[in-house]
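Everything below concerns the one structure shown next.
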Amino acid sequence: MENRPNSTTVGFTLLPSELIHFIILRLALPDIFHLKSVNKFITSVISDQDFLRDYNLRSSSSTWLFVYKKRWHRDPVVIHGFTRSSERWFKVMIGDILKPVIPPGEDLYFLTASGNFFLFALNCSREVVSVNPMTKKVQKVPHSPLGPRGTSSWRRSGIKLLAGPPGSGRFRFLFAEMVGNSPTLFEYDSRTNEWKSTVARESVVSRIENRDGDRIFLSASNGPRRSVVISVGPDMNEPVVVQPVFSGVVEDGELAVGFSWGSVINRLHIYGDGRMLIVRSGPDSLDDANQGIRVVKGVELWGLGPNGRQWAFVSRVPNGLIDEIKKPYGVMMGCLEEREGTIGAILMSNFEGVWDIIWLSFDIEKSKWALDPLPEFKMQGSNMAGVTFSSGLTIC
C-alpha cells in the first residue's frame with residue numbers, strides 16, 4: 001500500500017530546514033526510517049552528508065538496551081531495542097537475514113551488540129555468527145583457538161564487541177579466558193577474518209590508569225573473593241592482568257555470579273567493564289522464604305582499586321530507589337556496562353513465568369543513581385535468550 005503524506009507531515013516540512021534537521025537528529029533510527037518512507041523532502045534531509053555525519057556521531061555515543069526473547073526454536077528471530085530518546089520498544093527483524101546460515105532447529109543465544117553488529121552463539125553447532133541488520137549481511141565467525149564453544153562457555157563480563165567506524169563494515173570481537181593458569185586475551189578481526197591470542201602479563205605499575213575511557217576490562221574468572229581481570233588499551237597490545245580481592249562482608253556465605261536461582265543464594269555478583277554490582281536479596285516473610293520468593297534488599301557498586309589489587313566500594317543505591325524496584329522474584333540475571341561517564345545496570349528477574357526489567361544508571365561525575373523508566377514489555381511465557389547494552393544503530 002502506498003504511503004500518502006498527511007497534513008501533519010506536510011506541515012512539518014514547512015518548518016525551517018535547520019529546525020527539521022534538529023528534530024530528526026534526536027529521533028531513534030526506526031522513527032527516521034518511517035519518516036523517510038512517507039515524505040521525499042525528509043528523505044533528502046536524511047541523505048545529506050552533514051546530517052549523516054551528525055546523526056552517526058550522536059547515535060554512536062547513545063545507549064541502547066537490546067533484548068532477545070523467544071518461545072520456541074522456530075520463532076522468527078526478533079531483537080527488541082529501547083533507547084531513552086524514545087518512549088517505546090523497537091523491533092529489529094533479523095530472522096530472514098539469519099536463515100541462510102542457521103540450520104533448522106538451531107538454538108540461538110544473543111551474546112552482545114555494538115553499533116550495527118549483533119553477535120549470536122549457536123548452541124547445537126557451537127558456532128558464532130554476526131548480523132548487520134542495516135546491510136542485511138550475516139557472517140560466520142571462525143572458531144577461536146580454543147575450538148567450538150557452546151552457549152554456556154561465553155561469560156558476559158568476559159566478552160566485548162567493538163564496531164568499527166560507521167560505514168566500515170568492520171568489527172572486533174574480544175574475550176578473556178583462563179587457559180591453564182594463564183589469563184589469555186583472544187581477539188577476532190572481521191577485516192582479516194582471523195584470531196590472535198595473547199597471554200596477559202602481570203601488572204607491574206602501582207596504579208591502573210583507567211577512567212580516561214579508552215581501556216577495556218574483561219573478566220577471565222570471578223570467584224567469591226578474587227577475580228582475574230584483563231586490561232588492555234585501544235591498540236590491543238600488551239594486555240595486563242590484575243587480581244582484585246573482595247574484602248567485603250559475606251553474610252550468608254553463598255553467592256551467584258551473573259545468574260541467581262533458588263532461595264538459598266541471596267547475594268548476586270554482576271561484573272562488567274572493571275566494575276562489580278552486588279545485589280543483596282532476601283524474603284520479606286517466612287511464607288516467601290518457604291516458597292523461594294525474594295526481593296531486592298540492597299544494591300552496591302564496586303570498582304577496581306587504584307592498583308587493581310582490591311575491589312573498592314563506590315556507591316550504594318539509595319533506599320528510596322530500592323523501594324521502587326522491590327518486587328518479588330525467583331530468578332535474577334543482569335549485565336553491567338560503562339559508557340560515556342555513566343554505569344548502566346540491567347536486572348532481569350522472573351516471577352511465576354513473568355520477566356521484569358530494571359534499568360539503573362549511575363552518573364560517575366555526580367555520584368548519583370537514577371532509575372530509567374521502561375515501557376511495558378510483554379514477556380510472559382517467553383524464554384530469555386540474551387540482553388545487552390550497546391551503542392546506537394548508525395546510517396550506512
Side-chain angles (χ1 to χ4, degrees), residues 61 63 111-112 114 154-162 172-178 183-187 198-248 255 257-258 268-279 299-317 333-347 360-367 369 387-391:
S61 61
T63 300
L111 288 178
T112 185
S114 177
W154 299 105
R155 290 171 294 100
R156 187 178 308 281
S157 60
I159 63 177
K160 180 71 71 173
L161 185 64
L162 303 171
R172 291 179 296 167
F173 175 44
L174 289 75
F175 75 93
E177 194 62 79
M178 297 295 296
T184 305
L185 176 68
F186 296 87
E187 178 191 358
T198 309
V199 176
R201 59 178 176 82
E202 290 288 339
S203 174
V204 295
V205 299
S206 59
R207 188 175 185 86
I208 298 294
E209 296 297 335
N210 170 18
R211 299 312 167 194
D212 52 5
D214 61 357
R215 294 196 69 83
I216 296 171
F217 293 85
L218 301 173
S219 296
S221 70
N222 293 302
R225 287 294 186 184
R226 184 185 298 273
S227 299
V228 178
V229 180
I230 293 178
S231 171
V232 65
D235 56 3
M236 301 299 157
N237 292 326
E238 298 186 358
V240 298
V241 60
V242 293
Q243 300 188 47
V245 174
F246 175 64
S247 57
L255 70 86
V257 176
L268 171 66
H269 283 200
I270 302 169
Y271 298 87
D273 288 346
R275 306 285 186 171
M276 173 175 66
L277 199 73
I278 299 179
V279 183
V299 178
E300 302 168 5
L301 178 66
W302 295 63
L304 291 176
N307 58 13
R309 297 192 180 101
Q310 299 89 26
W311 286 110
F313 176 79
V314 176
S315 180
R316 181 178 289 107
V317 175
M333 59 185 289
C335 65
L336 188 66
E337 182 174 302
E338 180 180 340
R339 287 181 53 81
E340 305 292 329
T342 299
I343 299 171
I346 292 296
L347 302 179
L360 291 169
S361 296
F362 179 74
D363 187 305
I364 298 174
E365 183 178 355
K366 298 178 180 178
S367 189
W369 287 94
V387 56
T388 189
F389 286 114
S390 174
S391 55

Verdict with reasoning, Phe173 to Ile159, per side chain to side chain contact (heavy atoms under 4.5 Å, CB included): CA-CA 7 Å; Phe173 175 44; Ile159 63 177; 3.9 Å; yes

Ile343/Glu338 under side chain to side chain contact (heavy atoms under 4.5 Å, CB included): CA gap, chis, key distance, verdict: CA-CA 4 Å; Ile343 299 171; Glu338 180 180 340; 4.1 Å; yes

Worked verdict on Leu277 versus Leu360 for side chain to side chain contact (heavy atoms under 4.5 Å, CB included): CA-CA 11 Å; Leu277 199 73; Leu360 291 169; 5.5 Å; no

Leu347/Ile270 under side chain to side chain contact (heavy atoms under 4.5 Å, CB included): CA gap, chis, key distance, verdict: CA-CA 9 Å; Leu347 302 179; Ile270 302 169; 3.5 Å; yes

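A pairwise comparison of heavy atoms in Thr342 and Ser361 identifies CG2-CB, 4.0 Å as the closest pair. Minimum interatomic distance between Gly305 and Ala312 (heavy atoms only, all atoms of both residues): CA-CB, 4.1 Å. For Val228 against Val241, the heavy-atom pair with the smallest separation is CG1-CG2, 3.5 Å.
Proximity of Glu187 to Val232: side-chain heavy atoms (C-beta onward) are nowhere separated by under 4.5 Å. Considering only heavy atoms from C-beta on, Pro244 stays 4.5 Å or farther from Gln310 through its side chain. Looking at heavy atoms from C-beta onward, His269 lies out of side-chain contact with Asn222 at the 4.5 angstrom threshold. In this structure the side chain of Glu202 reaches within 4.5 angstrom of the side chain of Gln243, judged on heavy atoms. For the pair Asp273/Leu336, no side-chain contact is recorded, criterion being any heavy-atom separation below 4.5 Å from C-beta on. The shortest distance between side-chain heavy atoms of Val240 and Arg215 falls below 4.5 Å. Put simply, the side chain of Leu162 reaches to within 4.5 Å of the side chain of Ile216, judged on heavy atoms.
A ring-ring contact (aromatic ring centres under 6.0 Å, His included) with Phe246 is found for exactly one of Trp302, Tyr271, Trp311, namely Trp302.
For the atom pair Thr198 OG1 and Leu174 CG, the distance stands at 9.5 Å (nearest 0.5 Å). Note that OG of Ser219 and CD of Glu177 are 11.0 Å apart. Values are rounded to the nearest 0.5 Å. Once rounded to the nearest 0.5 Å, the distance linking CZ of Phe186 with CD1 of Ile230 reads 8.5 Å. One distance of note links CZ of Phe175 with OG1 of Thr112; it measures 14.0 Å at 0.5 Å rounding. One distance of note links CZ of Arg275 with CD of Glu337; it measures 12.5 Å at 0.5 Å rounding. Residue Arg172 holds its CZ atom at 10.0 Å from OG of Ser114, rounded to the nearest 0.5 Å.
Without hydrogens or angle criteria, Arg155 side chain to Ala220 main chain gives a donor-acceptor distance under 3.5 Å. A distance-only check finds a donor-acceptor pair linking the side chain of Arg156 to the backbone of Val387 [under 3.5 Å].
Every side-chain contact (heavy atoms from CB on, under 4.5 Å) that Thr63 has, sequence neighbours left out, goes to Arg84, Arg339, Trp359, Phe389.
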